[in-house]
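Read the structure below first, then the notes.
Only a predicted model underlies this, so the values are computations on that prediction, with no experimental measurement involved. The chain is numbered in sequence order, starting from 1.
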Amino acid sequence: MAEHLSQSELDYPFKLLEYLNGFRISKAIFSACELGVFDLLLQSQKPLSAAEVAQKLSTSEDGIERLLDVLVAIEIVDVEVVQRTAYYSSTDVANQYLAKTSPKSLHDLIIYYSQTIYPLWNNLVDAVRDGKNQNEKTFGLPSEEIFSAIYRSEEEMLKFMGLMNSTWVIDGHDIVTAFDLSSFKSIIDLGGCSGALARELAKEYPSSAVTVLDLPAVVQTAQRHFTQQDDTICFQEGDFFEGEIPPADLYILARIIHDWKEEKNLTLLRKIHTACHPGGGVLIAEALLFENRRGPTTVQMFSLNMLVQTEGKEHPPSHYTRLLTDAGFRDVQVCRTGKSYDAILALK
């Protein structure tokens with residue numbers, strides 16, 4: 001039974017108003033990233049006034065001052081007032097996650113949210129009414145061709161790959177250490193995009209050979225823009241839905257299952273089961289719902305996002321257990337990481 005709202009919330013809807021204003025906070029952070037605010041503050045040797053920030057970023061002084069004050073209010077920028085002039089400086093959180101140059105930067109994720117996800121959510125009413133994604137209404141592309149919309153240009157492909165790269169830079173370690181994968185000597189990350197998760201695997205399990213298999217255009221873009229000097233991972237061009245899946249000990253499906261309808265996922269998992277070496281398995285990384293449908297809120301929001309952008313949705317662990325069992329896998333184990341994404345391991 002749902003908890004009743006407290007009497008104070010009924011007297012005045014503080015929490016409700018906070019939720020209603022959530023989109024404004026998101027857009028303030030998005031805009032600051034797009035303008036380069038966090039990079040400027042990180043690189044500056046001293047706190048800057050709104051006039052100095054405006055001059056360096058070619059914005060209006062009034063506009064940037066208001067934006068900076070919002071960032072101060074939500075505690076990702078600091079301020080000190082000296083002789084009636086406000087001087088702004090960065091915080092550790094902004095330096096680590098919002099500045100583009102940080103190894104753990106979420107900058108690419110934020111740009112993707114701002115320029116791709118935000119426009120899609122403008123059509124959420126239509127998505128709920130029609131029960132399908134809004135790629136056609138938002139971008140003029142057929143709703144059935146999900147990745148034609150996501151990869152509609154090289155620029156858009158780079159944005160999406162940047163999103164995935166940011167995701168696994170901060171969440172990848174928890175996924176690859178959710179279970180001991182050291183016994184799997186050949187690992188293929190299906191749809192591994194930029195290779196960020198594969199790199200986490202290779203770092204944690206240096207005796208395993210790790211390969212990213214993805215579409216030719218994705219692999220070529222990854223090799224041009226995301227390779228690292230000390231890379232030990234390999235890239236292989238292929239289409240795991242339409243083409244052959246090479247044999248391996250372990251297959252990774254990270255944020256793949258939630259894109260598609262159940263029939264397509266079951267066909268893919270059966271195909272993986274056939275290709276998998278005896279004693280091998282599959283590791284799925286997805287955001288897991290609670291079985292009682294009461295959260296987590298972030299995962300429920302992810303599921304709503306799948307409605308506006310893809311064919312799929314998020315699921316509780318029982319769904320994946322059934323799907324994997326139907327595909328022929330056994331010994332399904334679930335690990336909730338406590339972060340954005342969880343891990344499911346099943347053996348052949």
Side-chain angles (χ1 to χ4, degrees), residues 6 8-9 11-119 121-122 158-159 162-174 196 296-298 301-302 337-341:
S6 67
S8 61
E9 187 72 11
D11 291 339
Y12 191 85
F14 290 101
K15 182 61 70 175
L16 183 59
L17 289 173
E18 181 183 336
Y19 291 155
L20 294 176
N21 275 297
F23 77 97
R24 292 188 173 99
I25 292 175
S26 297
K27 200 59 181 173
I29 299 171
F30 296 167
S31 300
C33 278
E34 292 186 63
L35 289 167
V37 169
F38 303 112
D39 300 292
L40 174 63
L41 294 179
L42 173 61
Q43 293 159 11
S44 177
Q45 300 299 309
K46 61 181 180 64
L48 300 174
S49 68
E52 291 171 314
V53 175
Q55 190 273 326
K56 292 177 184 295
L57 298 181
S58 301
T59 71
S60 69
E61 182 179 341
D62 179 46
I64 203 68
E65 183 177 57
R66 298 186 200 205
L67 180 58
L68 287 166
D69 286 342
V70 169
L71 301 175
V72 169
I74 59 175
E75 300 181 341
I76 54 178
V77 166
D78 204 358
V79 67
E80 183 180 1
V81 179
V82 179
Q83 294 180 347
R84 301 180 65 182
T85 299
Y87 291 91
Y88 300 91
S89 58
S90 197
T91 62
D92 291 341
V93 168
N95 290 341
Q96 182 157 316
Y97 294 113
L98 300 177
K100 192 174 183 179
T101 53
S102 167
K104 291 190 174 182
S105 176
L106 297 176
H107 181 274
D108 289 342
L109 178 148
I110 289 166
I111 296 302
Y112 190 79
Y113 278 13
S114 180
Q115 298 180 2
T116 300
I117 301 299
Y118 202 88
W121 277 67
N122 282 332
L158 271 172
K159 284 181 192 174
L163 159 75
M164 298 303 292
N165 204 70
S166 294
T167 296
W168 299 128
V169 163
I170 64 168
D171 284 304
H173 180 75
D174 292 295
T297 304
T298 301
M301 297 298 280
F302 284 167
T337 66
K339 308 286 180 61
S340 294
Y341 298 97

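When side chains are defined from C-beta on, L67 counts as touching L35, because their heavy atoms get closer than 4.5 Å. Side-chain contact between D78 and V72 is absent, with no heavy-atom pair separated by less than 4.5 Å. Inter-residue side-chain proximity for V79 and L68 is flagged as unmet; no heavy-atom pair is nearer than 4.5 Å. Counting heavy atoms from C-beta outward, L109 and T167 have side chains that approach closer than 4.5 Å. In this structure, D108 and L163 have side chains that are not in contact, with every pair of non-hydrogen atoms separated by 4.5 Å or more.
Across every non-hydrogen atom of Y87 and S49, the tightest pair is CD2-N, 3.7 Å. Residues S105 and S166 come closest through the heavy atom pair O-OG, 3.4 Å. Shortest non-hydrogen contact noted between S90 and L41 is CB-CB, 3.8 Å. Considering all non-hydrogen atoms of both residues, E52 and K46 come closest at OE2-NZ, 3.1 Å. The minimum heavy-atom distance linking P103 with V169 is given by the pair O-CG1, 3.2 Å. Heavy-atom minimum distance, A32 versus F38: CB-CE1, 3.5 Å.
Judged by a 6.0 Å distance limit and a 45° cone about the ring axis, K27 is positioned over the six-membered ring of Y118.
Atom CG of D11 sits in a crowded spot, with more than 12 heavy atoms from other residues, nucleotides or ligands closer than 6.0 Å.
Distance OG/S60 to CD/E65: 10.0 Å, rounded to 0.5 Å. Separation of atoms CD1 (I111) and CD1 (I117) is listed at 13.0 Å; rounding is to 0.5 Å. Atom CG in L106 sits 6.5 Å away from atom CG in L98 (nearest 0.5 Å). Q96 contributes atom CD, which lies 10.0 Å from atom CD1 of I170 (distance to the nearest 0.5 angstrom). Put simply, CD1 on I110 and CD1 on I29 are 6.5 Å apart, with the number rounded to the nearest 0.5 Å. Once rounded to the nearest 0.5 Å, the distance linking NZ of K15 with OH of Y19 reads 4.5 Å.
S114 and E34 share a donor-acceptor pair across their side chains, judged by distance under 3.5 Å alone.
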**Request:** Given side-chain contact (heavy atoms from CB on, under 4.5 Å), test M301 with W121 step by step and report yes or no.
**Result:** CA-CA 11 Å; M301 297 298 280; W121 277 67; 4.0 Å; yes

**Prompt:** What's the verdict on side-chain contact (heavy atoms from CB on, under 4.5 Å) for Y88 and L71, showing C-alpha distance, side-chain angles and the deciding distance?
**Reply:** CA-CA 10 Å; Y88 300 91; L71 301 175; over 6 Å; no

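In this structure, D39 has no salt bridge (charged side-chain N to carboxylate O under 4.0 Å, His left out) partners at least two apart in sequence or on a different chain.
The pair E61-R66 does not count as a salt bridge, with every side-chain nitrogen at least 4.0 angstrom from each carboxylate oxygen. D171 has no carboxylate O lying under 4.0 Å from a charged side-chain N of K339, or vice versa, which leaves the two without a salt bridge.
Within the 3.5 Å criterion, the main-chain N or O of S89 finds no donor-acceptor partner in the side chain of E80. A donor-acceptor pair is defined here as one N or O able to donate and one able to accept, closer than 3.5 Å; no such pair exists between the side chain of S102 and the backbone of Y97.
Using cut-offs of 30° and 60° for the angle between ring planes, the F302 and Y341 rings count as parallel.
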